[in-house]
Every structure is written in C-alpha cells, then in structure tokens.
Peer 1: 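Before anything else, here's the structure in question.
Both backbone and side-chain heavy atoms feed into the values below; hydrogens, waters and symmetry mates do not.
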Amino acid sequence: MSDPKSQTALDRSDSRVRHDEGIPGAIRGFIDRVRSGDLGMLPVIVGLVLIATVFWSLNPVFLAPNNLANLLFDAAAVGCISLGIVCVLILGEIDLSVGSMSGLASAVLGVIWVKTGLPVPLAILVALGAGAFMGLVYATLLNRFGMPSFVSTLAGLLAMLGLQLYLLGSTGSINLPYASIMVRFGQIYVMPTWFSYLLAVLPGALMLWLGLDRMRRRAAVNLSNPGGLSVLLAKAGLLTLFLLFAVYYLNQGRGIPWMFGLFVLLVVAMNYGLTRTQWGRAMFAVGGNREAARRSGINVHRIRMSAFMLCSTLAALGGMLAASRLASSSQQAGTGDVNLNAIAAAVIGGTSLFGGRGSAWSALLGVIVIQAISNGLTLLNLSSSLRYMITGGVLAIAVIVDSLARQSRASHGRA
C-alpha cells in the first residue's frame with residue numbers, strides 16, 4: 001500500500017507538469033531561462049530589430065526589397081568566414097588570420113584561373129586546399145609546441161599577406177571574367193520564385209517532423225514531452241509564416257541571392273554537425289573543459305585540428321565569394337575590417353569568447369547585424385570611421401552581455 005503523503009506529492013508533481021505543458025508553460029520556461037542567464041539569440045534579435053527600426057526611420061530605402069537583396073549578397077562572403085570563426089571560438093581559441101586567408105585565396109583564384117588559364121574548379125580546389133593546409137599548420141603548432149593560437153595566427157596573418165602581395169605582383173589586382181558563371185553567381189544570380197517559396201516552407205516542415213519523431217521516442221520510454229504538441233505547432237507555424245513573408249517581400253525586388261543560399265546551406269550543415277554528431281559534442285566538451293574532455297577519452301588534438309582546418313577552409317571560401325562579388329582579386333582583399341567583421345559577427349551572434357558555447361546560427365544572425373550597420377551608414381552617406389566605431393561599440397556590448405550572462409548562469413548552476 002502506497003504512502004498517502006508520497007501519493008499526494010506525486011499528484012502535485014503531475015499537476016505542475018500538466019500546468020507547465022502548452023504555450024503558457026513554454027513562455028514561463030523561456031522567461032526562467034532568460035532570468036538565469038541563458039539568453040540564447042535573444043540579444044541579437046532585439047538588436048537587429050532596433051538597428052532596422054533606426055535606419056528605416058532615417059532612410060526608408062533601408063528596408064526596400066532591392067536593398068535587402070544587396071545586403072544578403074554582401075553578407076554571404078563575410079558570413080562564411082564568420083562560420084569558421086565559430087568553430088575555433090567554441091574551443092576557446094582564436095584565428096586572427098582569416099582576413100589574410102580570404103585575401104590569399106582570392107589571389108590564388110585569380111592567378112590560377114586568369115593568369116595561367118586553368119579551369120576555375122581547379123583554382124577553387126587549390127584555394128580551398130591552401131586554407132585547409134594553413135589550418136593544419138595552426139593546429140600542429142598548438143598541439144605539438146603549445147604555441148597559443150593568438151600568436152600563431154598573427155604570424156600567419158603577416159605571412160599570408162606577404163604571399164598575397166607576391167602572387168598579385170606589381171599590378172596589384174586581377175580582373176575576373178565578368179561573363180563567367182562565378183562572377184554572375186556573386187553579382188546577379190537569384191533563386192526562382194517557386195524554389196524560394198519551397199525553401200521557406202521546408203524549415204517549418206522539418207521542425208515539425210523532427211519534433212513529432214522526438215515526441216514519439218520520448219513517449220516510447222515513458223518520458224514527458226515538455227510543451228507538448230501545441231508548442232511544437234506554434235513554433236513551426238510562426239517560423240513558416242515569417243519565412244514566407246520574408247521570401248514574398250524579397251521577391252518584390254531582385255529576390256534571394258543564390259550566394260546567400262549557399263551560405264545558409266553551410267550554416268545548416270554546420271548546425272547539424274555541432275548538434276547531432278559525436279564530433280559536435282566533442283567540440284563543446286573540449287571548449288567547456290579541455291582536461292575533462294581528455295580524461296573522458298576525447299582526442300583533443302584531433303578536435304582542434306578539425307576546427308582550425310574548417311576555419312581556414314571557410315575563410316578561403318569566403319575570400320573567393322568576395323572576389324566573385326567584386327569581379328577581381330586585389331591587394332585590398334581580406335584587409336581593412338574583414339577580420340573585425342568576421343569575429344564580431346560570431347560574437348555578436350551569441351558565440352562565447354570563453355569557449356564551450358556557440359551556434360552555427362550565430363554566424364548568420366551576427367553577419368546580418370554587421371552588414372545592416374554597414375549598409376545603413378552607407379545609405380546615410382556617413383564616413384567609414386563611424387562604421388568602425390559603431391561596430392566596435394556593438395561588439396563591446398555583445399562581449400559584456402556574454403560575460404554577464406555567463407556569471408548569471410554560474411550563479412544559477414547552469415554554467
């Protein structure tokens with residue numbers, strides 16, 4: 001015979017579970033997570049809304065469909081570089097040479113494709129191989145000699161900048177064939193309308209399918225389903241409506257660039273790798289506590305190698321996308337604010353500088369914030385000095401928010 005007090009406690013527990021199910025319970029759970037410091041992507045979404053509101057009020061052209069399409073074209077190249085930065089930041093490392101790597105890749109592309117006349121696919125493979133090789137060098141210096149990534153990548157920045165200048169020669173630039181598919185991909189090509197609508201429906205449908213599958217598997221082993229079906233339907237429905245409206249609005253102008261679609265595809269692939277694979281779990285484990293990860297059997301050296309190689313390879317890809325956007329490989333490629341924007345996009349998007357926390361989606365949201373600031377200031381005909389100062393200020397705020405959230409998580413036992 002069961003204890004009446006125990007049965008009463010169980011009944012109260014079941015009552016609380018039932019009370020927390022559904023949309024009101026999900027909202028309360030979200031508020032509790034925010035209060036405990038688990039902000040997720042909330043700060044960057046709020047910041048993006050504020051930035052859009054300010055620039056639209058100052059110049060309505062900012063939210064015009066064609067201007068937003070241009071913003072997406074420009075965001076793809078830096079976004080690819082930032083996606084690689086996310087990998088090394090999750091480990092608590094840094095790569096300061098991504099800008100130089102992107103510039104070197106564009107120079108390699110121009111020399112092999114234009115000057116030597118070899119096929120462009122070969123030039124792309126060589127440039128990507130150069131990126132992977134540099135990542136391997138950085139990982140080896142860290143694993144074998146304990147050289148901090150800050151120092152090794154700073155040395156790589158200078159070395160690759162010099163190699164870029166050497167390859168481009170006295171002319172300093174190489175014009176890419178404007179009629180080529182690669183240049184048109186970076187400047188003109190957009191998705192067909194029907195295809196863009198199909199892609200808009202796909203994420204919500206995938207979320208619903210995976211959510212239902214997860215609910216079935218949890219029910220099979222007698223586990224509760226927090227939120228329940230109503231929350232899953234609400235999330236999938238809101239996401240689908242938002243994406244359909246975005247696609248409809250952008251199609252009033254030029255449409256959605258294929259180059260941005262490639263970037264989003266890479267984000268989805270990276271997100272799958274980080275959240276659904278053993279490699280992703282090992283990445284977060286090494287970033288959270290390297291020694292504990294090593295003691296649990298994770299090959300820390302191999303994880304570092306994969307992260308740095310991915311970072312440099314994506315930087316090379318971003319450099320080639322930037323070259324296709326500008327239709328040239330020049331000495332200015334990869335210089336200026338490329339490093340700042342790539343690292344700032346990852347941090348502003350929510351990836352922690354302290355390691356152990358981050359998301360592929362942070363590169364997507366962060367780079368849109370960076371490009372929105374740059375685009376809005378250009379429309380207002382303001383100097384680039386303001387762009388640097390504002391971007392630096394936004395980056396500082398993002399780091400402060402990350403630090404405060406980290407302290408809050410630690411105080412609530414969620415670090």
Peer 1: Using a 3.5 Å distance criterion without hydrogens, assess whether the side chain of Asn271 forms a donor-acceptor pair with backbone atoms of Ala360.
Peer 2: no

Peer 1: With rounding to the nearest 0.5 angstrom, report the CG to CD1 distance, Leu71 to Ile370.
Peer 2: 11.0 Å

Peer 1: So do the side chains of Thr193 and Val247 get within less than 4.5 Å of each other, counting heavy atoms only?
Peer 2: no

Peer 1: Tell me whether Ser106 contacts the main-chain N or O of Gly319 through its side chain, where contact means a donor paired with an acceptor under 3.5 Å.
Peer 2: no

Peer 1: So with a 6.0 Å cut-off around CD of Gln278, is the heavy-atom count from everything else above 12?
Peer 2: no

Peer 1: For Ala372 and Phe55, which heavy atoms make the closest approach, and how far apart are they?
Peer 2: O-CE1, 3.8 Å

Peer 1: Which atoms form the tightest heavy-atom contact between Ile81 and Gly318, and what is the distance?
Peer 2: CG1-CA, 4.0 Å

Peer 1: Closer than 3.5 angstrom, by distance alone: can the side chain of Asn59 be matched with the main-chain N or O of Leu380 as a donor-acceptor pair?
Peer 2: no

Peer 1: Judged by atom type as modelled, is there a donor-acceptor pair below 3.5 Å linking the side chain of Ser82 to the main-chain atoms of Ala342?
Peer 2: yes

Peer 1: Which heavy atom of Trp258 sits nearest to which heavy atom of Pro192, and what is that distance?
Peer 2: CZ2-CD, 3.8 Å

Peer 1: Any donor-acceptor pair under 3.5 Å linking the side-chain atoms of Asn67 with those of Asn375?
Peer 2: yes

Peer 1: Between CZ of Arg254 and CG of Leu68, what distance do you get to the nearest 0.5 Å?
Peer 2: 12.0 Å

Peer 1: Val88 versus Thr153: any side-chain heavy-atom pair under 4.5 Å?
Peer 2: no

Peer 1: Side chains of Leu199 and Ile256: does their closest heavy-atom pair fall under 4.5 Å?
Peer 2: no

Peer 1: Taking Asn66's backbone N and O only, do any of them form a donor-acceptor pair with Gln252's side chain (distance below 3.5 Å, no angle check)?
Peer 2: no

Peer 1: Judged by atom type as modelled, is there a donor-acceptor pair below 3.5 Å linking the side chain of Gln187 to the main-chain atoms of Tyr178?
Peer 2: no

Peer 1: Please find the pair of heavy atoms, one from Ala293 and one from Ser296, that lie closest to each other, and give the distance.
Peer 2: O-OG, 2.7 Å

Peer 1: With a sphere of 6.0 Å drawn around OH of Tyr249, does it hold more than 12 non-hydrogen atoms of other residues, nucleotides or ligands?
Peer 2: yes

Peer 1: Look at the side chain of Ser97 and the backbone N and O of Ser100, then say whether any donor-acceptor pair between them is shorter than 3.5 Å.
Peer 2: no

Peer 1: When you look at CZ of Arg325, are more than 12 heavy atoms from neighbouring residues, nucleotides or ligands closer to it than 6.0 Å?
Peer 2: yes

Peer 1: Does the side chain of Ser180 come within less than 4.5 Å of Trp113's, by heavy atoms?
Peer 2: yes

Peer 1: Looking at every non-hydrogen atom in both residues, tell me the closest pair between Ser306 and Trp279 and how far apart they are.
Peer 2: OG-NE1, 2.9 Å

Peer 1: Within a strict 4.5 Å, meaning less than it, do heavy atoms of the Leu167 and Val108 side chains meet?
Peer 2: yes

Peer 1: Are Asn251 and Ser196 close enough that some pair of their side-chain heavy atoms sits under 4.5 Å apart?
Peer 2: yes

Peer 1: Looking only at atom types and distance, does a side-chain atom of Tyr189 sit under 3.5 Å from a main-chain N or O of Ile181, one as donor and one as acceptor?
Peer 2: no

Peer 1: Should we say atom CZ of Arg276 is surrounded by more than 12 heavy atoms from elsewhere, each under 6.0 Å from it?
Peer 2: no

Peer 1: I'd like to check Leu72 versus Leu250 (side-chain heavy atoms, cut-off strictly below 4.5 Å). Are they in contact?
Peer 2: yes

Peer 1: Which distance, rounded to the nearest 0.5 Å, do you find between the CE of Met305 and the CZ of Arg302?
Peer 2: 8.5 Å

Peer 1: I need the single residue from Val367, Thr313, Leu266, Leu262 that forms a side-chain contact (heavy atoms from CB on, under 4.5 Å) with Cys80. Which is it?
Peer 2: Leu266

Peer 1: My understanding is that only one of Val86, Leu314, Thr275, Leu265 makes a side-chain contact (heavy atoms from CB on, under 4.5 Å) with Met270; could you say which?
Peer 2: Leu314

Peer 1: State the CG-CG distance between Leu321 and Leu109, to the nearest 0.5 angstrom.
Peer 2: 10.0 Å

Peer 1: Taking all non-hydrogen atoms of both residues, which atom of Gly255 and which atom of Ala69 are closest, and how far apart?
Peer 2: O-CB, 3.6 Å

Peer 1: Can you tell me how far CD1 of Ile85 sits from SG of Cys311, rounded to the nearest 0.5 angstrom?
Peer 2: 4.0 Å

Peer 1: Are the side chains of Glu93 and Leu142 in touch, meaning some heavy atoms are under 4.5 Å apart?
Peer 2: yes

